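A quick write-up on the structure given underneath.
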Amino acid sequence: MEGVLLQATIYLTAMVVTVPLSVRLGLGSVLGYLIAGIAIGPVLGLVGAETQDLQHYAEFGVVLMLFLIGLELDPRTLWDMRRKLLGVGGAQIVVSTAAIAAATQALGLPWQTALAVGITLALSSTAIVLTTLTEKGLMRTEGGRSSFSVLLTQDIAVIPALALLPLLAAGAAMTITGDGSISRGAEDDAHHTMSLVEGLPAWGVTAVTLGAVIAVILAGRYLSPVLFRYIHASRLREMYTAVALVIVVGIAFLMILVGLSPALGAFVAGVVLANSEFRHELEADIEPFKGLLLGLFFITVGAGINFGTLFANPVTIVALTLGMMLLKGLILFAIALVFRLRGRDKWLFTLSLAQAGEFGFVLVAFGLQQAVFPVRVGEILLLVIALSMLLTPLAFIASDWIGRSLGQDGGRTEEASDEIAEEGSIIIAGIGRFGQVVNRMVQASGFSTVVLDNDLGTIQLMRRFGFKGYFGDPTRPELLKAAGLETAKVLVVAVDDTKAAVDLVRYARRLRPDISITARAHDRLHVYELYDAGADHIVREMFDSSLRAARYVLEDMGLTDYEAHEMETAFYRHDRQNLRDLAQLWKPGVPVSENEAYVERARILNNNLETALMTQLDAIAEEPEEQGWRPRGDASALRGMQRTTASRRPDPERDPGPAAGPDAGRD
């Protein structure tokens, strides 16, 4: 028992120390887990042979991950994305697999092993690439969307890959000698397990296998709702977790019995349940187990890496890594040209996907179990995958440098925008949740608008519901001019990117000093930036809804509709004035917590605001009762409660209040 607790402490401590540090350095969580495993294994020697046994349990995290991927893939969404999935994604997987397999076979491996190597190295790192694209704000570019399509196709391709690898195990096993040369050898047979298909003829194996898959689909479609409603009736939270694990574990066991990958069954079940009303409940219950087990799996992979192989053949390993990345990069570049990616999009697509990915570790581990890879080949593959992932941040740096060299700013790229056939007096830049409401109300009032947004899916959805919009980056000057910026009366800036919103306001104000600009602000600090850029009307995205919620609270505490409305109006009026005052003291690039004049003024304004609201409440209480919109509440009692609460306020010296903190005014 003591040994188990010691090992658990070592693994968890390594995880807690290295993974957050790796994420902060921009290396991603997967590399953090690998580094943790390397640290406690080959470097410090804190773990040993038990790592292999632990890996068998940790591999269940891969099954859970594929189940969650299936839950996210609504069949209708997959169908809508079919062109990019089959076109861009399919081309990348097929061509990369074939090219890497051919190169590997040229080194002397049999075609079965070479094909398995090609499948393994054709995949890229979903965890690293998606995290980096999101952090850099590149997901909405054409290059980012194309990269996402390829990664999604690769995630789906893992399923047939896991099913195919055992079929390649018939190839002659190979070993690699200490000097890097390849020679033939033999591997131990795979361990025998329980089976429902052992001894059956080929048609019987096929029938049983198809029957198991169909059973999973039918059970997910018709039995899971009944099961969840039964569990819901018990009103025991832990039962949801239990039934979620039963579904995944049971399906994994069934797949093993019929000779299929447990990940395949979990993925199919996830897709079947993607439209279930219990989907989010399943995700919430499975996610913690998936994250912990998957992290443990990557740690065991890192701990099991044989650095003796790297130190014995450093030139060979590095050459294989760079050669693989160069070959994939050339293929990705060619695909980018075929599918007409341009400018920085082309380079982003090429460089971001050139590495091998975390699913490669899964396939290597599975291939070693199934005797597809000899041990030495598996060790080299693990090193190549890990080194290529370590080089990925450098690839993104190269992409940024190329983008700057091409004269393109940040994530904005030359997109295949729609041709705008009209000019309008009202231009709405950005049609998310905020812009949609503005657009609907303005159009319902009889005014025409020109809507611009760089999310093609959103524009297409608008068109399905009868609203006209144009696809394209609303921050591009030529697109704004085509929409009529030089003659428009009003510009509504509702883009999500805060920096892009400020740049757009500044550009529009410089081009058209007379145009009225209404802009959405993310928070109070964004208000100051937009105000400085020249916006006329600035709306904090959560401010008005927060005021309405506060008004409901006041009504529930005993104020009448009229009293609550007056308090809401008073707060709104004073807050706007406070914003104007503080905007004069705000300094770009200086955190407000370090701006002494701002902090001092914010404290004074906070106190003045509370005094003004109490005065307003006293004035309301003295007004004639007929002004109330319903029977008057006990305003005097509420004032007493308010003053009692005020007396318990934190000391402003210790808690300067929301307007003075580093997240000032985050509504």
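In this text the structure is predicted, and so the values were computed from the model without any measurement.
- Side-chain N or O atoms of K346 include none that pairs as donor or acceptor with a backbone N or O of R340 at under 3.5 Å.
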### Task
Walk me through it: do L322 and V384 pass the test side-chain contact (heavy atoms from CB on, under 4.5 Å)?
CA-CA 9 Å; L322 296 178; V384 168; over 6 Å; no
### Query
W347 and F333: side-chain contact (heavy atoms from CB on, under 4.5 Å), yes or no, with the steps?
CA-CA 7 Å; W347 291 103; F333 190 81; 3.9 Å; yes
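- Proximity of S146 to D345: side-chain heavy atoms (C-beta onward) are nowhere separated by under 4.5 Å.
- For the side chain to side chain contact (heavy atoms under 4.5 Å, CB included) with L353, the lone residue among S96, S124, S125 that qualifies is S124.
- Remark: the backbone N or O of T113 is not paired with any side-chain donor or acceptor of Q105 at under 3.5 angstrom.
- Interatomic distance, L348 CG to L341 CG, rounded to the nearest 0.5 Å: 9.5 Å.
- At distances below 3.5 Å, not a single donor-acceptor pair connects side-chain atoms of S22 with backbone N or O atoms of T18.
- At least one side-chain heavy atom of I385 sits under 4.5 Å from a side-chain heavy atom of T120.
- Two residues are said to be in side-chain contact when any heavy atoms from C-beta on lie closer than 4.5 Å; L168 and W111 meet this criterion.
- The two residues I251 and A269 make their nearest non-hydrogen contact at CD1-CB, 3.3 Å.
- Put simply, the side chain of K328 never gets that close to the backbone of L351: no donor and acceptor are under 3.5 Å apart.
- Proximity of I331 to Q92: side-chain heavy atoms (C-beta onward) are nowhere separated by under 4.5 Å.
- For the atom pair Y33 OH and I38 CD1, the distance stands at 15.0 Å (nearest 0.5 Å).
- In this structure the side chain of L363 never reaches within 4.5 angstrom of the side chain of L121, judged on heavy atoms.
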### Task
Start with the C-alpha distance between M325 and L391, add both sets of side-chain angles, then the distance that settles side-chain contact (heavy atoms from CB on, under 4.5 Å), and finish with yes or no.
CA-CA 10 Å; M325 296 184 71; L391 293 173; 3.8 Å; yes
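- Using a 4.5 Å heavy-atom cutoff, the side chains of Q154 and I93 are in contact.
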### Query
Between V88 and I335, does a side-chain contact (heavy atoms from CB on, under 4.5 Å) hold up when you go through it step by step?
CA-CA 7 Å; V88 182; I335 292 173; 4.2 Å; yes
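- Closest approach of S147 to S352, counting heavy atoms only: OG-OG, 3.4 Å.
- One distance of note links CG of L383 with CG of L320; it measures 10.0 Å at 0.5 Å rounding.
- Contact record, L21 with V17: CB-O, 3.8 Å, taken as the closest heavy-atom pair.
- For A116 against V372, the heavy-atom pair with the smallest separation is CB-CG1, 3.5 Å.
- F349 and V150 make their closest contact through CE1-CG2, 3.6 Å (heavy atoms, listed as atom of the first residue, atom of the second, distance).
- In this structure, L115 and Q112 have side chains that are not in contact, with every pair of non-hydrogen atoms separated by 4.5 Å or more.
- Side-chain atoms of T321 come within 3.5 Å of backbone N or O of I317 as a donor-acceptor pair.
- Looking at every heavy atom in both residues, G378 comes nearest to L368 through CA-CD2, 4.1 Å.
- Side-chain contact between I299 and V19: absent, with no pair of heavy atoms (C-beta onward) separated by less than 4.5 Å.
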